[in-house]
Amino acid sequence: MVLNLIFLGPPGAGKGTVAQAVMDKYKLVQISTGDLIRAEVAKGSDLGKKLSVIMSAGQLVSDSIVSEMLKSELSKLVSKKGFSGVVFDGFPRTIPQAEMLNGILLSHKQKLTSVIYIESSKEKVVARLSARWTCPKCKKVYNTLTMPPKKSGLCNDDNTALYQRDDDKPETISKRYDVFIEKTHPLIEFYEKKGLLKRYDGNVPPKESIAEAEKIIAKIAK
Ligand code: ADP
């Protein structure tokens, strides 16, 4: 069975962490639009420079730019042998993006299996993201409060020095949460109406959150 899943939730709800665990278990591939945007920024292109300004302000990149990025990434992944589904992390973030996703999936003869909404409070996500550190090399994410690396400041897998994302500064985090409520929260009702939404409380430690998501997916995959 092909599983095409969306993880929905405010920044810091644990989408990336849970997506990673689920992907490994079900052999799914992940598309993180945040990672695609950061890769463009790292190239130092003109587009990357513009995207960096938007991201650092906690604002959303335009629907057409992100959808184009997603479209080309998805085409690459779907055509690979043994494709068994994709986890969308950080996309869609607006109603127009959700509508575009429908069309993009259809063009690959795919459809959405489920949307998993990880609920989390503003207080919780601000605390979590302020403690988030990322490996620039393998993109593994740590949290000095809940998932610290074995050696302080260094990645467990490749010993690279961890860094704090520019947009994980307290003022920007608060802005990103507000943008989530304004632009992304309407997607909950959108997918609820389509009968695709499953939700759970993400205000729990990472292990419990992963277990909760796996329980939901096990039911879907039956
Ligand atoms: P988080 O989920 O922690 O906010 P992401 O890595 O998903 O982090 O996104 C970081 C930033 O990249 C967002 O704040 C936004 O500026 C931009 N971004 C990522 N995905 C999208 C999207 N689907 N639409 C618009 N902007 C996006």
Side-chain angles (χ1 to χ4, degrees), residues 1-11 13-40 60-61 63-120 138-141 180 184-202 206-222:
M1 173 189 186
V2 173
L3 285 176
N4 291 316
L5 305 170
I6 291 176
F7 281 103
L8 203 63
K15 301 183 295 287
T17 305
V18 173
Q20 200 66 50
V22 165
M23 278 166 53
D24 293 346
K25 187 162 177 173
Y26 290 93
K27 307 270 172 289
L28 308 176
V29 288
Q30 179 190 22
I31 298 187
S32 155
T33 42
D35 284 349
L36 294 177
I37 295 168
R38 279 185 288 277
E40 190 64 43
L60 293 186
V61 169
D63 290 336
S64 56
I65 293 178
V66 214
S67 300
E68 275 312 310
M69 285 179 161
L70 178 110
K71 208 155 120 187
S72 80
E73 187 68 12
L74 189 67
S75 304
K76 283 187 230 157
L77 296 174
V78 173
S79 58
K80 282 209 177 124
K81 229 178 113 188
F83 173 81
S84 53
V86 52
V87 170
F88 296 100
D89 165 16
F91 187 94
R93 257 180 161 89
T94 63
I95 299 269
Q97 286 182 20
E99 279 159 354
M100 282 188 242
L101 179 62
N102 250 342
I104 297 171
L105 284 171
L106 214 68
S107 72
H108 290 289
K109 299 197 173 55
Q110 295 290 317
K111 66 174 194 200
L112 202 54
T113 318
S114 253
V115 180
I116 301 175
Y117 171 37
I118 311 179
E119 292 177 87
S120 209
C138 72
K139 309 284 181 292
K140 196 171 175 137
V141 172
F180 166 78
T184 310
H185 201 267
L187 286 177
I188 291 155
E189 205 187 322
F190 178 88
Y191 285 123
E192 211 154 36
K193 279 192 186 143
K194 292 184 188 289
L196 289 173
L197 197 86
K198 316 270 179 222
R199 59 167 89 207
Y200 72 87
D201 180 10
K207 266 195 185 146
E208 284 176 41
S209 180
I210 292 169
E212 221 27 80
E214 284 182 346
K215 223 163 50 188
I216 292 174
I217 297 166
K219 270 192 207 155
I220 303 167
K222 251 208 288 204

Pairwise side-chain contact, Phe91 with Leu36, heavy-atom cut-off 4.5 Å (strictly under)
no

Do the side chain of Lys71 and the main chain of Ile104 share a donor and acceptor less than 3.5 angstrom apart?
no

Any side-chain donor near an acceptor of the partner, Ser209 and Tyr200, under 3.5 Å
yes

Between the side chain of Ser84 and the main-chain N/O of Lys27, is any donor-acceptor distance below 3.5 Å?
yes

Where do Ala21 and Ile210 come nearest, in terms of heavy atoms and distance?
CB-CG2, 3.6 Å

Check whether any side-chain heavy atom of Leu28 lies under 4.5 Å from a side-chain heavy atom of Met23, and answer yes or no.
yes

Is it true that, when you exclude Glu189 itself, more than 12 heavy atoms of the residues, nucleotides or ligands shown sit nearer than 6.0 Å to its CD?
no

Under 3.5 Å donor-acceptor, Asn4 side chain and Thr113 backbone
no

When you look at Leu105 and Leu74, which way does the side-chain contact (heavy atoms from CB on, under 4.5 Å) test go after all the steps?
CA-CA 9 Å; Leu105 284 171; Leu74 189 67; 4.1 Å; yes

If we only count heavy atoms from C-beta on, is the Gln97 to Leu70 side-chain gap below 4.5 Å?
no

Nearest atoms (heavy-atom pairs only) where Gly85 meets Val2:
CA-CG1, 3.9 Å

If you take all heavy atoms of Ser67 and Met100, which pair is closest and at what distance?
OG-SD, 3.1 Å

